[in-house]
Amino acid sequence: ANVLARKDKAEFSVAFRTRLDAMQPLLTGALPQRRPDWVDAQGMTQLYQIYQKNPQRGWPFWILWSIYLCDLIVSN
């Protein structure tokens, strides 16, 4: 199939979803403790719960993943 002829949008979140599913302790515990000036622990827990209730919903997934990546970049 020709990529230029595609009529739909490529979807890549499935490649990250398994990893994010295993990251609850990091995203709701360790990361908020390490970055209290960035995120609130209670807010991260609520956001993760929203993600868990409907993993197909895009915005919670990408916010969680973006916060993780920002932490990763700053840590290195």
Side-chain angles (χ1 to χ4, degrees):
N2 186 340
V3 173
L4 296 176
R6 287 181 67 132
K7 302 286 186 213
D8 59 342
K9 179 182 166 192
E11 172 55 29
F12 297 103
S13 66
V14 99
F16 304 103
R17 197 171 312 283
T18 302
R19 176 77 176 125
L20 190 64
D21 288 346
M23 294 172 63
Q24 182 175 6
L26 172 68
L27 292 168
T28 62
L31 196 147
Q33 287 178 349
R34 188 168 47 248
R35 308 281 181 212
D37 52 328
W38 290 11
V39 295
D40 174 74
Q42 184 179 358
M44 288 296 285
T45 298
Q46 290 173 343
L47 182 60
Y48 199 88
Q49 288 171 346
I50 292 168
Y51 162 73
Q52 284 182 312
K53 287 179 186 173
N54 188 358
Q56 308 312 90
R57 193 172 187 183
W59 68 267
F61 170 85
W62 288 113
I63 291 171
L64 290 165
W65 193 251
S66 297
I67 292 169
Y68 166 70
L69 289 177
C70 288
D71 176 63
L72 191 63
I73 290 167
V74 171
S75 296
N76 290 321

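Keep in mind that what you see is a predicted model, and the values were worked out from it rather than measured. Scope of the values below: all heavy atoms of this structure, side chains included, with no hydrogens, waters or symmetry mates.
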Enumerate the side chain to side chain donor-acceptor pair (under 3.5 Å) contacts for residues 42-51, please, sequence neighbours excluded, ordered by first and then second residue.
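For residues 42-51: Asp21-Tyr51.
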Pair Leu27, Val39 - check side-chain contact (heavy atoms from CB on, under 4.5 Å), show working.
CA-CA 10 Å; Leu27 292 168; Val39 295; over 6 Å; no
Which residues pass the side-chain contact (heavy atoms from CB on, under 4.5 Å) test with Ser75, sequence neighbours left out?
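Result, side-chain contact (heavy atoms from CB on, under 4.5 Å) vs Ser75: Arg34, Arg35, Asp71.
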Looking at residues at least two apart in the chain, or sitting in another chain, which of them share a side-chain contact (heavy atoms from CB on, under 4.5 Å) with Asn54?
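Here the qualifying residues are Gln56, Arg57.
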Stepwise, does the side-chain contact (heavy atoms from CB on, under 4.5 Å) test hold for Trp59 with Leu47?
CA-CA 10 Å; Trp59 68 267; Leu47 182 60; 3.6 Å; yes
Distance, nearest 0.5 Å, that separates CG of Leu72 from CG of Leu26:
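Leu72 atom CG to Leu26 atom CG measures 9.5 Å (nearest 0.5 Å).
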Please work out which of the three classes, parallel, tilted or perpendicular, describes the rings of Trp65 and Tyr68, given edges at 30° and 60°.
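Tilted: the ring planes of Tyr68 and Trp65 meet at 30° to 60°.
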So if you build clusters from Ile, Leu, Val, Met, Phe, Trp, Tyr with side-chain heavy-atom gaps below 4.5 Å, do Met44 and Val74 land together?
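Met44 clusters together with Val74.
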Before you tell me yes or no, could you show the steps for Met23 and Thr28 under side-chain contact (heavy atoms from CB on, under 4.5 Å), namely the whole-Å CA-CA distance, both residues' side-chain angles and the distance that decides it to 0.1 Å?
CA-CA 8 Å; Met23 294 172 63; Thr28 62; over 6 Å; no
Is there side-chain contact between Pro32 and Trp38, with at least one heavy-atom pair below 4.5 Å?
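SC-SC contact between Pro32 and Trp38 ruled out.
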